[in-house]
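One structure is given below, encoded as structure tokens.
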Amino acid sequence: MNIVVCVKYVPDAQAGRGFEADHTTDRQGVDGLLSELDEYPVEEALKLAEATEGTVTVLTMGPEDAADAIKRALQMGADQGVHVCDDAIAGSDAVATSLVLAEAIRKVGDIDLVLTGLASTDGSMSVVPAMLAERLGVPQVTFASELSVEEGTVRIRRDSDVASETIEARLPAVVSVTDVINEPRYPSFKGIMAAKKKPVETWTLADLGVDASQVGLDAAWTTVESVEARPPREQGEVVTDEGQGGQALAEFLASRKFV
Amino acid sequence: MSEVLVLVDHVEGAVRKSTAELLTAARRLGEPSAVLVAAPEHADAARESLGRYGAEKVYRVEAPEVREHLVAPLVDVFANLVERTGAAAVLLPSDPDGNEVAGRLAVRTGSGVITDAVDVQPAEDGAGVRTVQSVFAGSYTVTSLVNRGTPVVTLKPNSVPVEEAGGEAAVVEEAVDVSIPEESLAARIVQRSEKQQTGRPGLTEAAIVVSGGRGTGGDFGPVEQLADALGAAVGASRAAVDAGWYPHAYQVGQTGASVSPQLYVAAGISGAIQHRAGMQTSKTIVAVNKDAEAPIFELVDFGVVGDLFTVLPQAAEEIQRRKG
Ligand SMILES: Cc1cc2nc3c(=O)[nH]c(=O)nc-3n(C[C@H](O)[C@H](O)[C@H](O)COP(=O)(O)OP(=O)(O)OC[C@H]3O[C@@H](n4cnc5c(N)ncnc54)[C@H](O)[C@@H]3O)c2cc1C
């Protein structure tokens with residue numbers, strides 16, 4: 001089975017995150033890493049590939065540093081990487097991102113399964129997988145908490161707050177997985193050494209036949225007008241329980257009309 | 001005025017509060033038209049409450065294949081309605097299905113899309129809509145203009161105060177018969193099991209949420225006791241969910257539900273950034289934690305440094321006593 005895993009290089013959530021003057025996410029001077037939520041589809045791909053002697057290609061789109069995200073996935077065990085890197089891409093929204101990724105997936109070719117994470121840990125729109133399915137014209141099978149593939153059919157469990165559903169589709173398909181699906185492995189020493197020899201291709205927009213005018217900040221279909229830092233919340237009263245803490249809490253809630 | 005299409009979220013015809021919020025918001029942008037995907041026996045119940053919150057029209061989608069397949073057929077329905085009605089905008093709930101329909105519809109119709117908005121208003125001269133989003137764990141507020149194509153916006157629950165429309169006008173109903181292409185029927189829902197009802201309000205729409213974390217040590221009794229005294233929903237941190245103490249559907253945070261209630265109570269939760277991402281926009285925040293240095297206290301309007309196993313039951317009893 002041939003699997004492509006789409007991964008994203010994101011600013012570390014523990015470090016301060018902010019915006020540039022043009023209202024795009026500040027990606028300079030902030031340490032980045034493979035989005036933690038993208039370790040889950042990598043792990044899932046590796047398990048499927050191990051069971052079927054398939055290949056796992058990791059695909060990312062982003063600045064030069066984004067190669068680190070590919071490296072990490074190769075260290076975990078993926079076979080090869082594709083990095084779409086082009087100055088024109090900076091500031092792309094989900095619509096443009098899905099366009100570039102879809103063309104890259106077509107160029108990789110002969111794919112059974114496209115796996116993605118639940119969301120990126122920065123943009124967090126969760127819409128790119130659905131957009132990819134729309135563009136590729138293949139089934140969308142998203143938010144998988146369990147996944148199995150049998151005889152060309154993928155089957156997942158999708159949970160919402162009111163129901164739990166089992167969904168089936170024929171391959172090829174786009175599948176996004178949640179963070180409860182597995183326990184991602186850490187790269188082993190052997191994995192880290194092996195990753196150094198694995199092939200990584202770098203593609204530009206021209207390689208994909210995507211026109212630069214279709215991507216980037218200027219092509220965005222929505223316009224960010226302003227970005228404001230919220231004033232930090234002011235800390236209210238904090239009391240130490242010396243036997244009356246619960247009473248004090250009830251008192252506070254009553255004073256705010258919650259009782 | 002143009003129509004504004006609103007996707008109805010309901011459980012067997014009982015319309016959810018988030019839909020009332022969408023309809024309230026839609027009235028600012030045009031004439032709300034509710035898009036109701038329901039079995040015939042559930043549609044009647046829904047119609048009345050849709051009218052109460054301002055739906056002037058209800059598009060009934062009864063084709064079972066829309067309910068039996070994931071997302072794609074609903075995109076066909078909306079694409080068809082957008083084209084037919086020349087709608088001014090489309091409003092959807094910001095949950096997985098709503099966001100995915102939004103994304104695909106935007107690609108298909110060449111329209112601007114914003115997900116997880118906390119506010120939506122008409123832009124000047126009726127040229128599109130203006131949205132507000134709260135990002136990076138609530139630390140930034142982003143205002144955007146959406147004026148390309150038919151703006152598609154998903155709105156977070158508890159963002160817009162619900163107002164009844166107050167009109168007497170009868171709701172116009174229209175059955176929608178959209179032919180769904182074969183390729184949209186590719187992802188089939190083969191089995192569906194409803195979650196057991198807890199009798200508590202839904203997590204994302206509740207006015208009050210009481211959440212427990214690792215500090216509960218697996219005993220959610222005190223958390224549920226306080227929740228029930230307050231008529232609240234119960235939430236959980238990922239640590240509590242990962243330990244198997246509470247189902248994933250109740251997880252609050254970046255990879256769980258994002259909540260914005262009037263009151264959020266965090267008990268035995270340290271306040272990691274990924275947890276805060278899901279609750280930081282709550283109006284009032286209260287924490288109970290043994291550790292005075294826990295970062296959650298930076299956010300609170302009121303905090304108790306203490307053991308949740310004594311503080312929560314005492315608070316619950318005092319609340320019950322006051323309620324009489
Ligand atoms: C990609 C990613 C996504 C994530 N998504 C989420 C998410 O959606 N939601 C989420 O919650 N987390 C998420 N996390 C995990 C997050 O980083 C924290 O690990 C988690 O929130 C910690 O849960 P906790 O506060 O319950 O546990 P801890 O951090 O262990 O805190 C437990 C707290 O309980 C207190 N305590 C202990 N005993 C008592 C007692 N008897 N009475 C009172 N207080 C007591 C302790 O002082 C401590 O502050 C995510 C992490 C990653 C990497």
Side-chain angles (χ1 to χ4, degrees), chain A residues 13-14 17 19 37 94-95 98 118 121 124-127 130-131 134-135 137 139-143 145 159-170 178-180 221-230 233 235-241 245-250 252-254 256 258-259, chain B residues 11 70-72 96 99-100 102-104 106-108 111-112 114-115 136 138-146 148 183 186-195 202-204 208 230 248-249 255 263 273 284 297-306 310-315 318-319 322-323:
Chain A
Q14 302 300 335
R17 292 177 297 182
F19 288 90
L37 295 176
V95 172
S98 66
L118 167 69
T121 51
S124 211
M125 301 238 305
S126 300
V127 295
M131 286 176 167
E134 174 78 24
R135 292 190 185 277
Q140 167 205 328
V141 193
T142 40
F143 291 90
S145 296
D159 294 325
S160 77
D161 58 341
V162 292
S164 177
E165 296 170 336
T166 305
I167 294 158
E168 276 181 11
R170 296 289 299 168
T178 72
D179 59 336
V180 300
W221 290 2
T222 60
T223 317
V224 175
E225 293 184 319
S226 71
V227 174
E228 277 164 54
R230 272 186 168 225
R233 292 183 83 107
Q235 193 184 39
E237 189 188 357
V238 177
V239 302
T240 300
D241 179 36
Q247 299 267 357
L249 176 53
F252 170 81
L253 296 177
R256 295 290 178 99
F258 288 120
V259 177
Chain B
V11 178
L70 199 62
V71 175
N99 286 344
E100 294 184 336
R104 299 186 66 153
V107 166
R108 199 174 299 178
S111 303
I114 290 286
T115 56
F136 289 168
S139 53
Y140 287 88
T141 302
V142 176
T143 305
S144 305
L145 180 67
V146 195
R148 184 179 153 133
E183 71 222 41
R188 200 161 62 87
I189 301 170
V190 292
Q191 196 193 323
R192 182 181 161 94
S193 55
E194 305 291 331
K195 294 252 158 81
L203 181 57
T204 55
I208 304 179
L230 290 165
H248 185 258
T255 49
L263 170 65
I273 185 147
T284 300
F297 283 123
E298 292 162 17
L299 306 179
V300 298
D301 296 284
F302 188 81
V304 181
V305 179
T310 55
V311 175
L312 298 193
Q314 191 181 63
E318 177 62 19
I319 289 164
R322 285 173 187 243
K323 288 203 295 196

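In the text below, chain A, chain B and the rest are named by the order of the sequence lines, each starting its count at 1.
Comparing Ala102(B), Ala187(B), Gly306(B) by heavy-atom pairs within less than 4.5 Å of chain A, the highest count is held by Ala187(B). Contact count against chain B (heavy-atom pairs under 4.5 Å) is highest for Asp179(A) among Thr240(A), Thr178(A), Asp179(A), Thr142(A). Heavy-atom pairs under 4.5 Å with chain B were tallied for Ala254(A), Ser98(A), Ala169(A); the largest tally goes to Ala169(A). Highest contact tally toward chain A, considering only Gly112(B), Ala72(B), Ser111(B), Ser193(B), is held by Ser193(B) [criterion: heavy-atom pairs under 4.5 Å]. With chain A as the partner, the residue from Val146(B), Thr310(B), Val190(B) showing the most heavy-atom pairs under 4.5 Å is Val190(B).
Phe258(A) pairs by the ring-ring contact (aromatic ring centres under 6.0 Å, His included) definition with nothing, not counting sequence neighbours. Scored by the side-chain hydrogen bond (donor to acceptor under 3.5 Å, both in side chains) test, Glu165(A) finds Arg192(B) as partners (sequence neighbours excluded).
In terms of heavy-atom proximity, Trp221(A) sits nearest to Ala106(B) at CZ3-O, 3.3 Å. When all heavy atoms of Val311(B) and Gly245(A) are compared, the pair lying nearest together is CG1-C, 4.0 Å. Contact between Ser160(A) and Ala249(B) at its shortest, heavy atoms only, is O-CB, 4.2 Å. Nearest approach of Glu318(B) to Ala250(A), heavy atoms of both residues: CG-CB, 3.3 Å. Contact record, Val304(B) with Leu249(A): CG2-CB, 4.3 Å, taken as the closest heavy-atom pair. Heavy-atom minimum distance, Glu100(B) versus Gln140(A): OE1-NE2, 2.5 Å.
Within the model, atoms CZ of Arg256(A) and OG1 of Thr284(B) stand 5.0 Å from one another, a figure rounded to the nearest 0.5 Å. Leu263(B) contributes atom CG, which lies 7.5 Å from atom CZ of Phe252(A) (distance to the nearest 0.5 angstrom). With rounding to the nearest 0.5 Å, the separation of CD in Gln235(A) from CD in Glu298(B) is 7.5 Å. Between atom NE2 of residue His248(B) and atom CG of residue Asp159(A) there is a gap of 8.0 Å, rounded to the nearest 0.5 Å. Distance CG/Leu37(A) to OG1/Thr255(B): 6.5 Å, rounded to 0.5 Å.
Contact of the Phe302(B) side chain with the Leu253(A) side chain is not registered, since no non-hydrogen atoms from C-beta on lie closer than 4.5 Å. Taking 4.5 Å as the limit, every side-chain heavy atom of Arg148(B) sits out of range of all side-chain heavy atoms of Thr223(A).
Residue contact with chain B, scored on non-hydrogen atoms closer than 4.5 Å, involves the backbone and the side chain of Val239(A) alike. Looking at Val11(B), the atoms closer than 4.5 Å to chain A (heavy atoms on both sides) all sit in the side chain, from C-beta outward. For a residue to count as touching a neighbouring chain, one of its non-hydrogen atoms must lie under 4.5 Å from one of that chain's; by this rule Leu299(B) touches chain A with backbone and side chain alike. Residue contact with chain A, scored on non-hydrogen atoms closer than 4.5 Å, involves the backbone and the side chain of Ile319(B) alike. Contact of Arg104(B) with chain A is made through backbone and side chain together, with heavy-atom distances under 4.5 Å. Using a 4.5 Å cut-off between heavy atoms, Glu194(B) touches chain A through backbone and side chain atoms alike. Only the side chain of Ile208(B) comes within less than 4.5 Å of a heavy atom in chain A; its backbone stays farther off.
Judged by distance alone, the side chain of Glu168(A) and the main-chain N or O of Arg188(B) form no donor-acceptor pair under 3.5 Å.
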